[in-house]
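Below, chains carry the letters A, B, ... as their sequence lines are ordered, and counting in each starts from 1. A quick note: this is a predicted structure, and the numbers were derived from the prediction, not measured.
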Protein chains: 2
Amino acid sequence: MSQEQSQRMQSMCESAKAHVDDLLVLLSKSKMLSTLYVMNCDPDPMRFSEIKKRVDSSSTTVARRLGELEDHGLVTRTAYATVPATVEYALTKDAIALQPSLESMFEWVLNRADSSL
Amino acid sequence: MSQEQSQRMQSMCESAKAHVDDLLVLLSKSKMLSTLYVMNCDPDPMRFSEIKKRVDSSSTTVARRLGELEDHGLVTRTAYATVPATVEYALTKDAIALQPSLESMFEWVLNRADSSL
DNA sequence: TTCTTTTGTAACAAGGTTGTAACCTGTCTC
DNA sequence: GAGACAGGTTACAACCTTGTTACAAAAGAA
């Protein structure tokens, strides 16, 4: 392999690594796993207040997490011109593909929490 | 149900919730998912320096993460009186049970990272 | 007119987390 | 004696993140 090729390859790997890290940082943010989990539990779009209630965090944090998920193409935000405002969040196809992993991870968490009581 | 029973039940649920939250906070710490993943990739015990290299973080952070995993019973630490010192970390049975979820989660992450290049 | 509701945002103080640099142990080698 | 190595620990400044509080918009109800 030429040095040039090797360099191109390395830069590609570094790019992939950066994307992986990016996603891991995203998933590691506080309440992020909870947010994805509560949204997975119900296949229908969910309103801001409902997510906030189930995740049990401040508006600021929930809004931040949902914004980050939207930025990453993992949720869609739909606002309806009702009064008062109605906003619905739904998982994208991509996020739904994560569902099985998330579910079995939460099962593990619940099992562990149970046995430590 | 009596009020007393209801209170006991509620306190139990709150206790379970606290344990779940505890685990989610643990898993959400920086480099925690990476640490578990690199340890999962190799079934043999792994040395501190190897983990540090693969996780690509500072000694301080890696030591902190490994300490927290040990506190939660997810890894075991074995020190050998060689010169220089040798310390091996291994996942416990509990942590190994998390392997499938973690693996499919990383597959999802890698897929996403790929398609965003 | 003022209150209520939902869904946020802005600013900021308080607290948490990170990496760096320095240091430590214990023994073998130069 | 001086270095080197593995595997850390400690202290600390810099940075990041959180929740709280205040605010906003829009329109129907009291």
I want to check something: taking the side chain as every heavy atom from C-beta on, are [X] and [Y] in contact at a cut-off of under 4.5 Å?
| X | Y | value |
| --- | --- | --- |
| A/Leu91 | A/Leu36 | yes |
| B/Lys52 | B/Arg47 | no |
| A/Met39 | A/Val75 | yes |
| B/Val62 | B/Ser59 | no |

Q. Does the distance from a Lys or Arg side-chain N to an Asp or Glu carboxylate O, for B/Asp56 and B/Lys31, drop under 4.0 Å?
A. no
Those residues at least two apart in sequence (or on a different chain) that pass salt bridge (charged side-chain N to carboxylate O under 4.0 Å, His left out) with B/Asp114 are none
On DNA chain C, more 5' by nearest nucleotide between A/Pro84 and A/Leu66 is A/Pro84
The complete set of ring pair (Phe, Tyr, Trp, His ring centres under 6.0 Å) pairs with one or both residues in residues 79-117 of chain B, sequence neighbours excluded, reads B/Tyr37-B/Phe106
Worked verdict on B/Leu110 versus A/Val20 for side-chain contact (heavy atoms from CB on, under 4.5 Å)
CA-CA 6 Å; B/Leu110 289 168; A/Val20 169; 3.6 Å; yes
- Which residue pairs satisfy the side chain to side chain donor-acceptor pair (under 3.5 Å) criterion with at least one member in residues 63-72 of chain B, sequence neighbours excluded?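 Checked against side chain to side chain donor-acceptor pair (under 3.5 Å) - neighbours excluded - the pairs reaching residues 63-72 of chain B are B/Asp22-B/His72, B/Ser30-B/Arg65, B/Arg65-B/Glu68.
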If you restrict it to nitrogen or oxygen atoms, what contacts under 3.5 Å exist between nucleotides 16-19 of chain D and the protein, and what is each distance?
{"unit_1": "D/dT18", "atom_1": "OP1", "unit_2": "A/Ser30", "atom_2": "OG", "d": "2.3"}
{"unit_1": "D/dT18", "atom_1": "OP1", "unit_2": "A/Arg65", "atom_2": "NH1", "d": "3.1"}
{"unit_1": "D/dT18", "atom_1": "OP2", "unit_2": "A/Arg65", "atom_2": "NH2", "d": "3.2"}
{"unit_1": "D/dG19", "atom_1": "OP2", "unit_2": "A/Ser58", "atom_2": "OG", "d": "3.1"}
{"unit_1": "D/dG19", "atom_1": "OP2", "unit_2": "A/Thr61", "atom_2": "OG1", "d": "2.2"}
{"unit_1": "D/dG19", "atom_1": "N7", "unit_2": "A/Arg64", "atom_2": "NH2", "d": "3.4"}

Rounded to the nearest 0.5 Å, the CG atom of A/Leu27 sits from the CG atom of B/Leu27 at a distance of 11.0 Å
Enumerate the protein-to-nucleotides 27-30 of chain D contacts in which both atoms are nitrogen or oxygen and the separation is below 3.5 Å.
none

Spacing of B/Tyr80 atom OH relative to D/dG7 atom P, expressed in whole Å: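 Rounded to whole Å, this separation is 12 Å.
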Here the distance between atom P of D/dT9 and atom CD of B/Glu70, to the nearest Å, is 10 Å
The correct set of residues in residues 34-52 of chain A placing a heavy atom under 4.0 Å from DNA chain D is none
Looking at A/Tyr89, I'd like to know whether one of its side-chain N or O atoms comes within less than 4.0 Å of OP1 or OP2 on C/dT6.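 Checking A/Tyr89 against C/dT6: no side-chain N or O falls below 4.0 Å of OP1 or OP2.
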